[in-house]
Amino acid sequence: MTFLTKTDARTWLAGMHTRISRGEWEPPEVVAKRRRAAAAADEARSIGFTTYAKRWIEMIRTEPNRSGKRRAAGTVRSYASKVDGYLIPEFGDTPVREIDIDRIKVMTTRLDQIPSPLNPKSKFNGITRPVLTVLMMILRQAARDGIIPAAPSLSIPKQESVRHDAEHDESEDIATPSQVDSLYKATPDRYAITILLAAWCQLRRGECLGLQRRDIEWHPDGGATLHVRRQLNVNTGDFSEPKSEAGKRALSVPRIMLEPLRKHLEDYVASEAKAPVVPVSTRGSVPLSHTRWGYIWGEAREAVDSVPNRFRFHDLRHTGLTIFAQEGATLAELMRRGGHSDMRVVLRYQHSTMTRDRELADRLSARVETALGAA
(Lines give C-alpha, C1' and ligand atoms only; values in the text may rest on other atoms or scores of the structure.)
Protein backbone atom coordinates (compact mmCIF):
# COMPACT_ATOMS: atom_id res chain seq x y z
CA MET A 1 0.00 0.00 0.00
CA THR A 2 1.50 3.34 -1.03
CA PHE A 3 0.55 6.98 -0.46
CA LEU A 4 1.02 10.10 -2.58
CA THR A 5 2.22 12.21 0.35
CA LYS A 6 3.56 11.80 3.85
CA THR A 7 0.44 13.57 5.13
CA ASP A 8 -1.76 10.87 3.58
CA ALA A 9 0.39 8.19 5.19
CA ARG A 10 0.32 9.84 8.62
CA THR A 11 -3.46 10.28 8.40
CA TRP A 12 -3.92 6.60 7.58
CA LEU A 13 -1.54 5.55 10.37
CA ALA A 14 -3.34 7.74 12.89
CA GLY A 15 -6.60 6.09 11.89
CA MET A 16 -5.12 2.65 12.44
CA HIS A 17 -3.81 3.70 15.89
CA THR A 18 -7.29 4.92 16.77
CA ARG A 19 -8.87 1.59 15.72
CA ILE A 20 -6.21 -0.32 17.68
CA SER A 21 -6.89 1.72 20.81
CA ARG A 22 -10.62 1.01 20.44
CA GLY A 23 -10.02 -2.72 19.91
CA GLU A 24 -11.49 -2.58 16.39
CA TRP A 25 -8.38 -3.38 14.39
CA GLU A 26 -7.90 -6.77 12.69
CA PRO A 27 -4.92 -8.11 10.75
CA PRO A 28 -5.36 -7.78 6.97
CA GLU A 29 -5.23 -11.56 6.45
CA VAL A 30 -8.13 -12.04 8.90
CA VAL A 31 -10.21 -9.42 7.10
CA ALA A 32 -9.47 -11.05 3.73
CA LYS A 33 -10.39 -14.49 5.03
CA ARG A 34 -13.70 -13.22 6.40
CA ARG A 35 -14.53 -11.52 3.11
CA ARG A 36 -13.72 -14.67 1.15
CA ALA A 37 -15.95 -16.70 3.48
CA ALA A 38 -18.78 -14.20 3.08
CA ALA A 39 -18.42 -14.28 -0.70
CA ALA A 40 -18.43 -18.09 -0.68
CA ALA A 41 -21.54 -18.12 1.52
CA ASP A 42 -23.31 -15.72 -0.85
CA GLU A 43 -22.35 -17.91 -3.79
CA ALA A 44 -23.56 -21.04 -1.98
CA ARG A 45 -26.88 -19.45 -1.15
CA SER A 46 -27.41 -18.64 -4.79
CA ILE A 47 -26.33 -22.10 -6.07
CA GLY A 48 -28.64 -23.60 -8.70
CA PHE A 49 -30.50 -26.85 -8.13
CA THR A 50 -28.76 -28.76 -10.93
CA THR A 51 -25.29 -27.97 -9.59
CA TYR A 52 -26.20 -28.80 -6.01
CA ALA A 53 -28.10 -31.98 -6.92
CA LYS A 54 -25.09 -33.30 -8.87
CA ARG A 55 -22.87 -32.48 -5.90
CA TRP A 56 -25.29 -34.34 -3.60
CA ILE A 57 -25.26 -37.45 -5.80
CA GLU A 58 -21.47 -37.50 -5.69
CA MET A 59 -21.54 -37.10 -1.92
CA ILE A 60 -23.83 -40.07 -1.31
CA ARG A 61 -21.79 -42.14 -3.75
CA THR A 62 -18.53 -41.59 -1.88
CA GLU A 63 -19.47 -40.91 1.75
CA PRO A 64 -20.94 -43.42 4.23
CA ASN A 65 -24.49 -43.04 5.54
CA ARG A 66 -25.42 -42.39 9.17
CA SER A 67 -24.82 -46.03 10.11
CA GLY A 68 -21.29 -45.80 8.71
CA LYS A 69 -21.92 -47.99 5.65
CA ARG A 70 -21.44 -47.13 2.00
CA ARG A 71 -24.65 -46.99 0.03
CA ALA A 72 -25.24 -49.78 -2.46
CA ALA A 73 -24.58 -48.96 -6.11
CA GLY A 74 -28.21 -49.73 -6.91
CA THR A 75 -29.41 -47.24 -4.30
CA VAL A 76 -27.23 -44.46 -5.69
CA ARG A 77 -28.34 -45.28 -9.21
CA SER A 78 -31.98 -45.15 -8.15
CA TYR A 79 -31.52 -41.72 -6.56
CA ALA A 80 -29.64 -40.44 -9.60
CA SER A 81 -32.44 -41.59 -11.91
CA LYS A 82 -34.96 -39.52 -9.92
CA VAL A 83 -32.66 -36.49 -10.05
CA ASP A 84 -31.89 -36.74 -13.78
CA GLY A 85 -35.32 -37.92 -14.90
CA TYR A 86 -37.64 -35.68 -12.89
CA LEU A 87 -36.02 -33.13 -10.57
CA ILE A 88 -33.50 -31.44 -12.87
CA PRO A 89 -36.03 -31.09 -15.72
CA GLU A 90 -38.42 -29.52 -13.17
CA PHE A 91 -36.09 -27.09 -11.38
CA GLY A 92 -33.07 -26.69 -13.66
CA ASP A 93 -30.86 -23.82 -12.48
CA THR A 94 -33.46 -22.45 -10.05
CA PRO A 95 -31.61 -21.39 -6.87
CA VAL A 96 -32.10 -23.97 -4.16
CA ARG A 97 -33.30 -21.28 -1.75
CA GLU A 98 -36.24 -20.53 -4.07
CA ILE A 99 -37.64 -24.08 -3.95
CA ASP A 100 -40.50 -23.70 -1.49
CA ILE A 101 -43.78 -25.47 -0.76
CA ASP A 102 -45.57 -23.77 -3.66
CA ARG A 103 -42.94 -24.85 -6.19
CA ILE A 104 -43.02 -28.40 -4.83
CA LYS A 105 -46.83 -28.52 -5.08
CA VAL A 106 -46.63 -27.52 -8.74
CA MET A 107 -44.19 -30.35 -9.38
CA THR A 108 -46.33 -32.81 -7.41
CA THR A 109 -49.39 -31.98 -9.50
CA ARG A 110 -47.41 -32.52 -12.68
CA LEU A 111 -46.01 -35.86 -11.46
CA ASP A 112 -49.44 -37.12 -10.41
CA GLN A 113 -50.63 -36.76 -14.00
CA ILE A 114 -48.07 -39.27 -15.30
CA PRO A 115 -49.81 -42.63 -15.97
CA SER A 116 -48.44 -45.69 -14.24
CA PRO A 117 -46.26 -47.81 -16.56
CA LEU A 118 -47.35 -50.95 -14.64
CA ASN A 119 -51.07 -50.22 -14.54
CA PRO A 120 -52.36 -47.26 -16.61
CA LYS A 121 -55.76 -47.54 -14.90
CA SER A 122 -54.31 -47.07 -11.42
CA LYS A 123 -54.97 -43.83 -9.52
CA PHE A 124 -51.33 -43.90 -8.41
CA ASN A 125 -48.24 -44.13 -10.57
CA GLY A 126 -45.49 -45.10 -8.13
CA ILE A 127 -43.47 -42.07 -9.25
CA THR A 128 -44.56 -39.10 -7.16
CA ARG A 129 -43.61 -40.41 -3.73
CA PRO A 130 -40.09 -41.67 -4.59
CA VAL A 131 -39.27 -38.40 -6.39
CA LEU A 132 -40.53 -36.32 -3.46
CA THR A 133 -38.50 -38.46 -1.07
CA VAL A 134 -35.27 -37.80 -3.00
CA LEU A 135 -36.06 -34.07 -3.27
CA MET A 136 -36.54 -33.78 0.48
CA MET A 137 -33.27 -35.64 1.10
CA ILE A 138 -31.51 -33.05 -1.06
CA LEU A 139 -33.20 -30.10 0.65
CA ARG A 140 -32.46 -31.42 4.14
CA GLN A 141 -28.79 -31.72 3.18
CA ALA A 142 -28.93 -28.15 1.84
CA ALA A 143 -30.21 -27.04 5.24
CA ARG A 144 -27.33 -28.84 6.96
CA ASP A 145 -24.91 -27.12 4.57
CA GLY A 146 -26.36 -23.72 5.47
CA ILE A 147 -27.65 -23.01 1.95
CA ILE A 148 -31.24 -22.69 3.18
CA PRO A 149 -32.48 -21.98 6.73
CA ALA A 150 -34.52 -25.20 6.86
CA ALA A 151 -36.08 -27.77 4.55
CA PRO A 152 -39.73 -27.10 3.65
CA SER A 153 -42.24 -28.74 5.98
CA LEU A 154 -43.73 -31.24 3.56
CA SER A 155 -45.79 -34.35 4.27
CA ILE A 156 -44.94 -37.06 1.76
CA PRO A 157 -48.01 -39.12 0.80
CA LYS A 158 -48.24 -42.78 1.73
CA GLN A 159 -47.19 -45.25 -0.95
CA GLU A 160 -50.27 -46.85 -2.47
CA SER A 161 -50.51 -49.99 -4.56
CA VAL A 162 -49.85 -49.37 -8.23
CA ARG A 163 -50.34 -52.86 -9.60
CA HIS A 164 -53.84 -53.31 -8.22
CA ASP A 165 -57.00 -51.29 -7.72
CA ALA A 166 -59.06 -50.94 -4.54
CA GLU A 167 -61.06 -54.10 -5.32
CA HIS A 168 -57.97 -56.31 -5.50
CA ASP A 169 -58.05 -59.38 -3.28
CA GLU A 170 -54.68 -60.02 -1.59
CA SER A 171 -55.31 -63.75 -1.83
CA GLU A 172 -54.62 -63.45 -5.57
CA ASP A 173 -50.97 -62.79 -4.72
CA ILE A 174 -50.68 -66.18 -3.03
CA ALA A 175 -50.29 -69.24 -5.25
CA THR A 176 -51.61 -72.67 -4.36
CA PRO A 177 -49.16 -75.58 -4.10
CA SER A 178 -50.56 -76.96 -7.36
CA GLN A 179 -49.96 -73.61 -9.11
CA VAL A 180 -46.37 -73.59 -7.85
CA ASP A 181 -45.94 -77.13 -9.17
CA SER A 182 -47.41 -76.10 -12.54
CA LEU A 183 -44.99 -73.16 -12.78
CA TYR A 184 -42.13 -75.53 -11.90
CA LYS A 185 -43.10 -77.92 -14.70
CA ALA A 186 -43.62 -75.06 -17.19
CA THR A 187 -40.08 -73.73 -16.64
CA PRO A 188 -37.15 -75.22 -18.61
CA ASP A 189 -35.57 -78.02 -16.58
CA ARG A 190 -32.19 -76.39 -15.93
CA TYR A 191 -33.86 -73.24 -14.54
CA ALA A 192 -36.93 -74.76 -12.86
CA ILE A 193 -35.29 -75.09 -9.43
CA THR A 194 -35.53 -71.30 -9.16
CA ILE A 195 -39.31 -71.64 -8.75
CA LEU A 196 -38.91 -73.96 -5.75
CA LEU A 197 -36.16 -71.87 -4.19
CA ALA A 198 -38.41 -68.81 -4.25
CA ALA A 199 -41.56 -70.58 -3.03
CA TRP A 200 -40.33 -73.12 -0.48
CA CYS A 201 -37.05 -71.49 0.67
CA GLN A 202 -38.54 -67.98 0.38
CA LEU A 203 -35.54 -66.55 -1.49
CA ARG A 204 -35.51 -63.24 -3.33
CA ARG A 205 -34.71 -63.27 -7.04
CA GLY A 206 -31.15 -61.98 -6.56
CA GLU A 207 -30.56 -64.55 -3.80
CA CYS A 208 -31.69 -67.39 -6.07
CA LEU A 209 -29.38 -66.28 -8.88
CA GLY A 210 -26.50 -65.68 -6.45
CA LEU A 211 -26.50 -69.20 -4.99
CA GLN A 212 -23.41 -71.38 -5.44
CA ARG A 213 -22.87 -75.10 -4.87
CA ARG A 214 -20.94 -74.45 -1.65
CA ASP A 215 -23.99 -72.70 -0.18
CA ILE A 216 -25.90 -76.00 0.10
CA GLU A 217 -24.88 -78.14 3.06
CA TRP A 218 -26.03 -81.76 3.00
CA HIS A 219 -26.49 -83.70 6.24
CA PRO A 220 -26.01 -87.42 6.97
CA ASP A 221 -29.76 -87.89 7.52
CA GLY A 222 -30.46 -86.67 3.96
CA GLY A 223 -31.57 -83.19 4.96
CA ALA A 224 -29.94 -79.99 3.76
CA THR A 225 -29.27 -76.43 4.92
CA LEU A 226 -29.16 -73.56 2.47
CA HIS A 227 -26.86 -70.63 3.32
CA VAL A 228 -27.71 -67.21 1.87
CA ARG A 229 -24.43 -65.31 1.67
CA ARG A 230 -24.71 -63.12 -1.44
CA GLN A 231 -27.04 -61.89 -4.17
CA LEU A 232 -26.68 -61.21 -7.86
CA ASN A 233 -27.05 -57.45 -8.08
CA VAL A 234 -29.69 -56.41 -10.61
CA ASN A 235 -27.97 -53.07 -11.30
CA THR A 236 -24.33 -54.10 -11.65
CA GLY A 237 -24.65 -57.77 -12.64
CA ASP A 238 -22.01 -58.61 -10.01
CA PHE A 239 -22.26 -60.44 -6.71
CA SER A 240 -22.93 -58.27 -3.67
CA GLU A 241 -23.90 -58.77 -0.07
CA PRO A 242 -27.59 -58.96 0.87
CA LYS A 243 -29.30 -55.62 1.54
CA SER A 244 -28.95 -56.03 5.33
CA GLU A 245 -27.25 -58.28 7.85
CA ALA A 246 -30.60 -60.02 8.34
CA GLY A 247 -30.37 -61.16 4.72
CA LYS A 248 -27.44 -63.42 5.60
CA ARG A 249 -29.14 -66.52 6.96
CA ALA A 250 -29.21 -70.31 7.03
CA LEU A 251 -32.45 -72.05 6.02
CA SER A 252 -33.61 -75.63 6.38
CA VAL A 253 -34.54 -76.99 2.96
CA PRO A 254 -38.10 -78.45 3.09
CA ARG A 255 -38.37 -82.18 2.41
CA ILE A 256 -40.60 -81.55 -0.59
CA MET A 257 -37.72 -80.07 -2.58
CA LEU A 258 -34.76 -82.13 -1.36
CA GLU A 259 -34.92 -84.62 -4.23
CA PRO A 260 -35.51 -81.98 -6.97
CA LEU A 261 -32.58 -79.99 -5.58
CA ARG A 262 -30.29 -83.02 -5.45
CA LYS A 263 -31.18 -83.98 -9.03
CA HIS A 264 -30.70 -80.40 -10.24
CA LEU A 265 -27.20 -80.27 -8.75
CA GLU A 266 -26.30 -83.58 -10.39
CA ASP A 267 -27.64 -82.70 -13.83
CA TYR A 268 -26.97 -78.98 -14.31
CA VAL A 269 -24.42 -77.64 -11.79
CA ALA A 270 -20.64 -77.91 -12.15
CA SER A 271 -18.68 -79.69 -9.43
CA GLU A 272 -16.67 -76.63 -8.34
CA ALA A 273 -17.59 -75.12 -4.98
CA LYS A 274 -18.28 -71.71 -6.55
CA ALA A 275 -20.32 -73.07 -9.44
CA PRO A 276 -23.63 -71.17 -9.78
CA VAL A 277 -26.71 -73.17 -8.83
CA VAL A 278 -28.64 -71.49 -11.66
CA PRO A 279 -26.10 -71.23 -14.51
CA VAL A 280 -26.74 -69.85 -17.98
CA SER A 281 -25.73 -73.16 -19.55
CA THR A 282 -25.51 -76.68 -18.17
CA ARG A 283 -22.57 -76.94 -15.73
CA GLY A 284 -21.53 -73.42 -16.70
CA SER A 285 -19.57 -70.96 -14.59
CA VAL A 286 -21.71 -67.88 -15.33
CA PRO A 287 -24.92 -67.33 -13.33
CA LEU A 288 -28.19 -66.64 -15.11
CA SER A 289 -28.81 -62.89 -15.41
CA HIS A 290 -31.85 -61.03 -14.08
CA THR A 291 -32.81 -60.02 -17.61
CA ARG A 292 -32.67 -63.54 -19.01
CA TRP A 293 -34.60 -64.91 -16.05
CA GLY A 294 -37.27 -62.24 -16.60
CA TYR A 295 -38.03 -63.66 -20.06
CA ILE A 296 -38.00 -67.25 -18.78
CA TRP A 297 -40.35 -66.38 -15.92
CA GLY A 298 -42.72 -64.48 -18.21
CA GLU A 299 -43.04 -67.45 -20.55
CA ALA A 300 -43.60 -69.89 -17.68
CA ARG A 301 -46.28 -67.69 -16.11
CA GLU A 302 -48.14 -67.34 -19.41
CA ALA A 303 -48.05 -71.11 -19.87
CA VAL A 304 -50.02 -71.68 -16.65
CA ASP A 305 -53.59 -70.51 -17.21
CA SER A 306 -54.54 -70.60 -13.52
CA VAL A 307 -51.90 -68.01 -12.57
CA PRO A 308 -52.97 -64.34 -12.93
CA ASN A 309 -51.10 -62.30 -15.53
CA ARG A 310 -49.85 -59.85 -12.89
CA PHE A 311 -48.56 -62.57 -10.58
CA ARG A 312 -44.91 -61.69 -9.93
CA PHE A 313 -41.97 -63.97 -9.31
CA HIS A 314 -41.61 -62.24 -5.93
CA ASP A 315 -45.14 -63.43 -5.08
CA LEU A 316 -43.74 -66.96 -4.86
CA ARG A 317 -41.68 -65.80 -1.88
CA HIS A 318 -44.81 -64.18 -0.48
CA THR A 319 -46.62 -67.51 -0.95
CA GLY A 320 -43.98 -69.45 0.97
CA LEU A 321 -43.86 -66.99 3.86
CA THR A 322 -47.66 -66.95 4.08
CA ILE A 323 -47.80 -70.74 4.40
CA PHE A 324 -44.95 -70.57 6.91
CA ALA A 325 -47.04 -68.13 8.96
CA GLN A 326 -50.13 -70.32 8.69
CA GLU A 327 -48.15 -73.18 10.22
CA GLY A 328 -47.72 -71.12 13.38
CA ALA A 329 -44.41 -69.31 12.83
CA THR A 330 -43.87 -66.32 15.10
CA LEU A 331 -43.02 -62.89 13.72
CA ALA A 332 -39.40 -63.40 14.80
CA GLU A 333 -39.28 -66.71 12.92
CA LEU A 334 -40.82 -65.09 9.85
CA MET A 335 -38.23 -62.29 9.98
CA ARG A 336 -35.41 -64.82 10.17
CA ARG A 337 -36.80 -67.04 7.41
CA GLY A 338 -37.41 -64.13 5.04
CA GLY A 339 -34.25 -62.19 5.92
CA HIS A 340 -36.23 -59.13 7.01
CA SER A 341 -34.72 -56.42 9.19
CA ASP A 342 -37.93 -54.41 9.62
CA MET A 343 -40.81 -55.95 11.54
CA ARG A 344 -43.28 -53.65 9.78
CA VAL A 345 -42.61 -55.56 6.55
CA VAL A 346 -43.41 -58.88 8.20
CA LEU A 347 -46.70 -57.60 9.63
CA ARG A 348 -48.24 -58.10 6.18
CA TYR A 349 -48.36 -61.81 7.07
CA GLN A 350 -50.37 -61.07 10.21
CA HIS A 351 -53.61 -61.90 8.36
CA SER A 352 -52.23 -65.38 7.80
CA THR A 353 -51.38 -65.90 11.46
CA MET A 354 -54.86 -64.67 12.40
CA THR A 355 -56.39 -67.29 10.10
CA ARG A 356 -54.31 -69.92 11.88
CA ASP A 357 -55.32 -68.42 15.25
CA ARG A 358 -59.01 -68.74 14.32
CA GLU A 359 -58.49 -72.37 13.30
CA LEU A 360 -56.85 -73.16 16.64
CA ALA A 361 -59.61 -71.34 18.52
CA ASP A 362 -62.21 -73.47 16.72
CA ARG A 363 -60.30 -76.62 17.66
CA LEU A 364 -60.24 -75.47 21.28
CA SER A 365 -64.01 -74.91 21.16
CA ALA A 366 -64.60 -78.37 19.73
CA ARG A 367 -62.49 -80.01 22.45
CA VAL A 368 -64.24 -78.09 25.23
CA GLU A 369 -67.67 -78.90 23.80
CA THR A 370 -66.73 -82.60 23.57
CA ALA A 371 -65.53 -82.61 27.18
CA LEU A 372 -68.69 -80.86 28.37
CA GLY A 373 -70.88 -83.27 26.43
CA ALA A 374 -69.10 -86.25 27.97
CA ALA A 375 -69.53 -84.76 31.44
Side-chain angles (χ1 to χ4, degrees), residues 1-73 75-111 128-157:
M1 186 173 181
T2 59
F3 302 92
L4 296 177
T5 65
K6 287 184 179 181
T7 301
D8 292 338
R10 288 173 181 147
T11 301
W12 177 85
L13 184 58
M16 290 298 103
H17 287 163
T18 300
R19 293 180 62 183
I20 291 173
S21 64
R22 292 177 179 174
E24 299 173 354
W25 182 83
E26 290 180 318
E29 59 271 18
V30 173
V31 175
K33 182 178 180 181
R34 185 175 66 249
R35 289 175 177 172
R36 285 195 297 269
D42 289 340
E43 182 181 358
R45 283 191 289 271
S46 62
I47 190 173
F49 180 82
T50 298
T51 301
Y52 187 76
K54 293 291 186 181
R55 185 184 301 174
W56 178 80
I57 289 293
E58 188 60 29
M59 182 198 73
I60 65 170
R61 179 181 288 112
T62 56
E63 297 183 8
N65 56 22
R66 293 183 180 180
S67 62
K69 295 183 178 180
R70 293 284 293 274
R71 295 171 181 82
T75 300
V76 176
R77 185 174 298 180
S78 175
Y79 292 164
S81 69
K82 307 297 186 301
V83 169
D84 295 334
Y86 301 98
L87 294 176
I88 288 180
E90 177 69 30
F91 298 114
D93 292 327
T94 300
V96 175
R97 66 170 182 263
E98 294 182 10
I99 300 177
D100 54 14
I101 288 290
D102 293 335
R103 287 296 304 273
I104 295 175
K105 287 182 178 179
V106 171
M107 182 194 73
T108 302
T109 301
R110 189 175 289 113
L111 290 177
T128 303
R129 186 179 186 276
V131 172
L132 282 176
T133 299
V134 173
L135 175 61
M136 293 309 299
M137 292 172 68
I138 294 174
L139 294 180
R140 283 193 289 268
Q141 184 62 46
R144 287 191 287 268
D145 291 343
I147 294 175
I148 55 177
S153 179
L154 177 69
S155 177
I156 299 178

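Residues: numbered from 1 along the sequence shown.
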Original post:
Nearest heavy-atom pair of K82 and P130: which atoms, and what distance?
Top reply: CE-CB, 3.6 Å
Original post:
CG/N65 to CZ/R70 distance, rounded to the nearest 0.5 angstrom?
Top reply: 10.5 Å
Original post:
Can you find a heavy atom in the side chain of I147 that is under 4.5 Å from one in the side chain of Q141?
Top reply: no
Original post:
If you measure from CD on E98 to CG on D93, what distance do you get to the nearest 0.5 Å?
Top reply: 11.5 Å
Original post:
With a 4.5 Å heavy-atom cut-off, do E90 and F49 have their side chains touching?
Top reply: no
**OP:** Would you indicate whether the side-chain heavy atoms of Y86 and M107 approach each other to under 4.5 Å?
**Re:** no
**OP:** To the nearest 0.5 Å, tell me how far L154 CG sits from T108 OG1.
**Re:** 6.5 Å
Original post:
Considering residues, nucleotides and ligands other than R22, do more than 12 of their heavy atoms fall under 6.0 Å from its CZ?
Top reply: no
Original post:
Looking at side-chain heavy atoms only, is the closest gap between I60 and M137 below 4.5 Å?
Top reply: no
**OP:** Determine whether Y79 and I138 make a side-chain contact, defined as any pair of heavy atoms from C-beta on separated by less than 4.5 Å.
**Re:** no
Original post:
Side chains of L139 and I104: closer than 4.5 Å at any heavy-atom pair?
Top reply: yes
Subject >> Any donor-acceptor pair under 3.5 Å from R71 side chain to E63 backbone >> reply: yes
Original post:
Checking Y52 side chain against A142 main chain: does a donor-acceptor pair fall under 3.5 Å?
Top reply: yes
Subject >> Interatomic spacing from CD1 in I88 to OG1 in T94 - rounded to 0.5 Å >> reply: 11.5 Å
**OP:** Please determine, by modelled atom types, if T50 and K54 share a side-chain donor-acceptor pair under 3.5 angstrom.
**Re:** no
Original post:
Does D100 pair with K105 as a salt bridge, N-O distance under 4.0 Å?
Top reply: no
**OP:** Would you please test V134 and W56 for side chain to side chain contact (heavy atoms under 4.5 Å, CB included) and show each step?
**Re:** CA-CA 11 Å; V134 173; W56 178 80; 4.0 Å; yes
Original post:
If you measure from the Lys or Arg side-chain nitrogens to the Asp or Glu carboxylate oxygens, is any gap between R61 and E58 under 4.0 Å?
Top reply: yes
Original post:
What's the shortest heavy-atom distance between A143 and A150, and which atoms?
Top reply: CB-CA, 3.9 Å
Subject >> Residue I101 excluded, over 12 heavy atoms near CD1 under 6.0 Å >> reply: yes
Subject >> Straight-line distance of I47 CD1 to I148 CD1, nearest 0.5 Å >> reply: 12.0 Å
